[in-house]
Every structure is written in C-alpha cells, then in structure tokens.
Amino acid sequence: MLYIRRETPADYQTVEDVIRRAFYNVYVPGCTEHYLAHIMRGHEDFVPELDFVAELDGQIIGSILYTRARLTDERGEEKPVLTFGPVCIAPDRQRQGYGKQLIEHSMRRAAALGHDVIVIFGNPFYYTGVGFQSCKKHNICLENGKFPSAMMVKLLRPDALDGRKWHYGSSPVMHVDERAARRFEEALAPMEPRRLPCQEAFSIMRHSFLE
C-alpha cells in the first residue's frame, strides 16, 4: 500500500535522487528538476504544507512540491494560485497509479487549506486524468497573451474563477540558473546525458499554442 506523508529534511537527498532519475533525459539531455527542488525549499514562495513524498515498502518512490504563483487580470488585480512541480515517481514504479494517488492526495490537502486554483505545465494526456483542463477554457494565458497547449488548470472550488481574462505569472524560483544547475550536477554521481526521441515530442508540445 502506498503511504503518503510530508517530506522532512532527512528525505531531501533521497528525494532529489528520485527526481533526478525520473527526469534524466526525458525532456532534454540531462535534467535540472532535482536542482529546482533543491533551491525551491528555501524560497519564500515554497508551500511546505504541500510538500509530500510517497513511500512503498518503506522506500521513497515519489515526490511532489508546490509553490505559490499568481493570476493578474487586465485591471491589475491579482489572485494567488498554486502550481506544482517537480512531481515524479521513480522510473521502476511508473505507470502503476502511484503518481495519480500522490497528486490527488496533494490536491485534497490544498483544497482543505483554502486554495482554489492550481495552474501547471505538463502533458495533457496525463494531467486531464486527474481533472486538469485547458488554460484557454478558463481564460488563463501567459503574460504575452498566448495560451500554451501544455498549460492546464484545476479548480479546487467550482466558482473559483469568474470568466475574466487572467495572465499567469510563476514564482521567480521557477526560472533556473542553468550555470548553477550545472555546478550542482557536477557534484553528483555521473549520469550520461543523451538525446532521445521523447525530447522532440516535449519540444513540440512546449512550442504549441491554442488559437
């Protein structure tokens, strides 16, 4: 049975290793998601109450971390929202339903804490299965006015949005310093960065927008 609990400082290195193994060579050669987790926990936008690990047979196999983000309407009014990521399950435990359990657990907790909107970037084929919908359906776009195919929205309360147009803004912590990430990576056990076809699929999705 999967056991989901709050992350503790004693888990950090293990969690970062799971994240690294889960993301390595998936979207780009190598990855930076483990470095993002490393710096995220100390940022003011991090939400420790929604920092969870998933355990199976006493071993950490998954992780999800949340940060605060914001929506801004055309009059400048701001609405606080959440985003999550990195979220992962260890490669040898994927496609067994554990990721869905972890995400749904975290969203129930977010709702209980009074949060009402989550905005993420990811693969729609996966996240629609846990209730996410197109950003355009909720009139949420980037600051440049575009609606990315990979940007999705989950309402934790049905009346959380009123139909007005919103521009999404992420936390500054999400903008990773690539040089700092490389230095962090160099201190870890070597893994081989490789170019794989799945990276092209990600690139296509990342550069796709809804009309």
Side-chain angles (χ1 to χ4, degrees), residues 2 4 22-23 26-27 33 36 40 45-47 49-52 54 62-89 94-171 173-175 198-211:
L2 192 71
I4 299 172
F23 282 99
V26 173
Y27 299 130
E33 283 81 359
L36 175 59
M40 182 183 289
D45 289 329
F46 181 60
V47 186
E49 298 84 0
L50 297 174
D51 176 14
F52 295 106
S63 167
I64 188 167
L65 301 94
Y66 279 74
T67 53
R68 297 176 184 87
R70 72 184 186 281
L71 301 178
T72 307
D73 72 8
E74 294 178 312
R75 296 174 297 181
E77 180 180 335
E78 290 193 359
K79 175 180 176 60
V81 297
L82 293 173
T83 188
F84 62 65
V87 54
C88 73
I89 296 294
Q94 293 176 4
R95 298 178 179 84
Q96 298 175 46
Y98 298 132
K100 183 177 181 180
Q101 291 182 58
L102 178 59
I103 292 169
E104 290 180 339
H105 174 92
S106 72
M107 293 193 300
R108 287 193 297 270
R109 183 58 184 154
L113 290 171
H115 301 285
D116 58 8
V117 178
I118 302 173
V119 181
I120 63 166
F121 290 82
N123 187 334
F125 293 101
Y126 180 80
Y127 288 105
T128 54
V130 289
F132 281 85
Q133 299 174 321
S134 165
C135 62
K136 190 165 187 181
K137 183 171 184 177
H138 297 285
N139 212 14
I140 295 175
C141 62
L142 297 179
E143 293 176 349
N144 62 11
K146 292 184 176 182
F147 297 91
S149 301
M151 187 163 78
M152 291 161 285
V153 179
K154 169 75 174 182
L155 301 187
L156 300 178
R157 198 184 71 236
D159 61 348
L161 297 174
D162 57 11
R164 80 181 85 167
K165 188 173 186 178
W166 295 97
H167 294 79
Y168 175 73
S170 62
S171 167
V173 76
M174 304 302 287
H175 306 295
C198 59
Q199 298 163 13
E200 181 63 19
F202 168 70
S203 179
I204 292 169
M205 176 62 69
R206 186 165 63 92
H207 294 96
S208 298
F209 298 91
L210 302 171
E211 294 294 333

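Position 1 is the first residue of the sequence; numbering continues from there. Keep in mind that this is a model prediction, so the values were computed, not measured.
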Chemist: Is there a side chain to side chain contact (heavy atoms under 4.5 Å, CB included) between Arg157 and His115 once you walk through the steps?
Modeler: CA-CA 8 Å; Arg157 198 184 71 236; His115 301 285; over 6 Å; no
Chemist: For a side chain to side chain contact (heavy atoms under 4.5 Å, CB included) check, start with the C-alpha distance between Ile118 and Phe84, then their side-chain angles and the critical distance, and finish with the verdict.
Modeler: CA-CA 8 Å; Ile118 302 173; Phe84 62 65; 4.0 Å; yes
Chemist: Restricting to non-hydrogen atoms, name the atom on Pro86 and the atom on Met40 that form the minimum distance, rounded to 0.1 Å.
Modeler: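 It is CD-CE, 4.0 Å.
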Chemist: Decide yes or no on side chain to side chain contact (heavy atoms under 4.5 Å, CB included) for Arg109 and Glu49, but give the supporting numbers first.
Modeler: CA-CA 8 Å; Arg109 183 58 184 154; Glu49 298 84 0; 5.5 Å; no
Chemist: Return the minimal non-hydrogen interatomic distance between Ala69 and Gly169, and the atom names on each side.
Modeler: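 Result for this residue pair: CB-O, 3.4 Å.
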Chemist: Would you call the rings of His105 and Phe52 parallel, tilted or perpendicular, taking 30° and 60° as the class edges?
Modeler: perpendicular
Chemist: Any side-chain to backbone donor/acceptor pair from Thr83 onto Val119? Under 3.5 Å, distance only.
Modeler: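 Yes, the answer is positive, given that a donor and an acceptor are paired below the 3.5 Å cut-off.
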Chemist: Looking at every heavy atom in both Leu156 and Ala111, which two are closest together, and how far apart are they?
Modeler: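 Looks like CD1-N, 3.9 Å.
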Chemist: Rounded to the nearest 0.5 Å, how far does OH of Tyr98 lie from CD1 of Ile103?
Modeler: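 Separation between the atoms: 15.0 Å.
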Chemist: After noting the C-alpha distance and the side-chain angles of Val87 and Tyr127, does the key distance pass the side chain to side chain contact (heavy atoms under 4.5 Å, CB included) rule?
Modeler: CA-CA 12 Å; Val87 54; Tyr127 288 105; 3.3 Å; yes
Chemist: Within the structure provided, determine whether Lys137 and Phe147 are in side-chain contact (heavy-atom separation under 4.5 Å).
Modeler: no
Chemist: Supply the atom-to-atom distance Asn139 CG to Lys165 NZ, rounded to the nearest 0.5 angstrom.
Modeler: 6.5 Å
Chemist: For a quick test of reading the model, state the closest non-hydrogen atom pair linking Leu82 to Ala110 and the distance between them.
Modeler: CD1-CB, 3.9 Å
Chemist: Are the aromatic rings of Phe121 and Tyr27 close, with centres under 6.0 Å apart?
Modeler: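 Here the rings of Tyr27 and Phe121 have centres that are no less than 6.0 Å from each other.
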Chemist: Just jot down the salt bridge (Lys or Arg N to Asp or Glu O under 4.0 Å) partners of Lys79, sequence neighbours excluded, or say none.
Modeler: Asp116
Chemist: Does Tyr126 use its side chain to pair, donor to acceptor, with the backbone of Lys100 at less than 3.5 Å?
Modeler: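 Answer holds: yes.
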Chemist: Could you tell me which non-hydrogen atom of Cys135 sits nearest to which non-hydrogen atom of Val153, and how far apart they are?
Modeler: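 Heavy atoms only, the tightest pair is CA-CG2, 3.8 Å.
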Chemist: Is the backbone of Ile89 close enough, under 3.5 Å, to the side chain of Gln94 for a donor and an acceptor to pair up by distance?
Modeler: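 Confirmed, Gln94 side chain pairs with Ile89 backbone.
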Chemist: With rounding to the nearest 0.5 Å, note down the distance linking OG in Ser170 to CE in Met151.
Modeler: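 Between Ser170 OG and Met151 CE, I get 10.5 Å after rounding to 0.5 Å.
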Chemist: Please report the interatomic distance OG1(Thr72) to CD(Glu143), rounded to the nearest 0.5 Å.
Modeler: 7.0 Å
Chemist: Look up atom OH in Tyr168 and atom CG in Leu71, then write down how far apart they are to the nearest 0.5 Å.
Modeler: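 Here the interatomic distance stands at 8.0 Å.
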Chemist: Identify the two heavy atoms, one from Gly62 and one from Leu102, that lie closest to each other, and give their separation to 0.1 Å.
Modeler: C-CD2, 4.1 Å
Chemist: Looking only at atom types and distance, does a side-chain atom of Arg68 sit under 3.5 Å from a main-chain N or O of Phe46, one as donor and one as acceptor?
Modeler: yes
Chemist: How long is the span from the NE2 atom in His167 to the SG atom in Cys141, to the nearest 0.5 Å?
Modeler: 3.5 Å
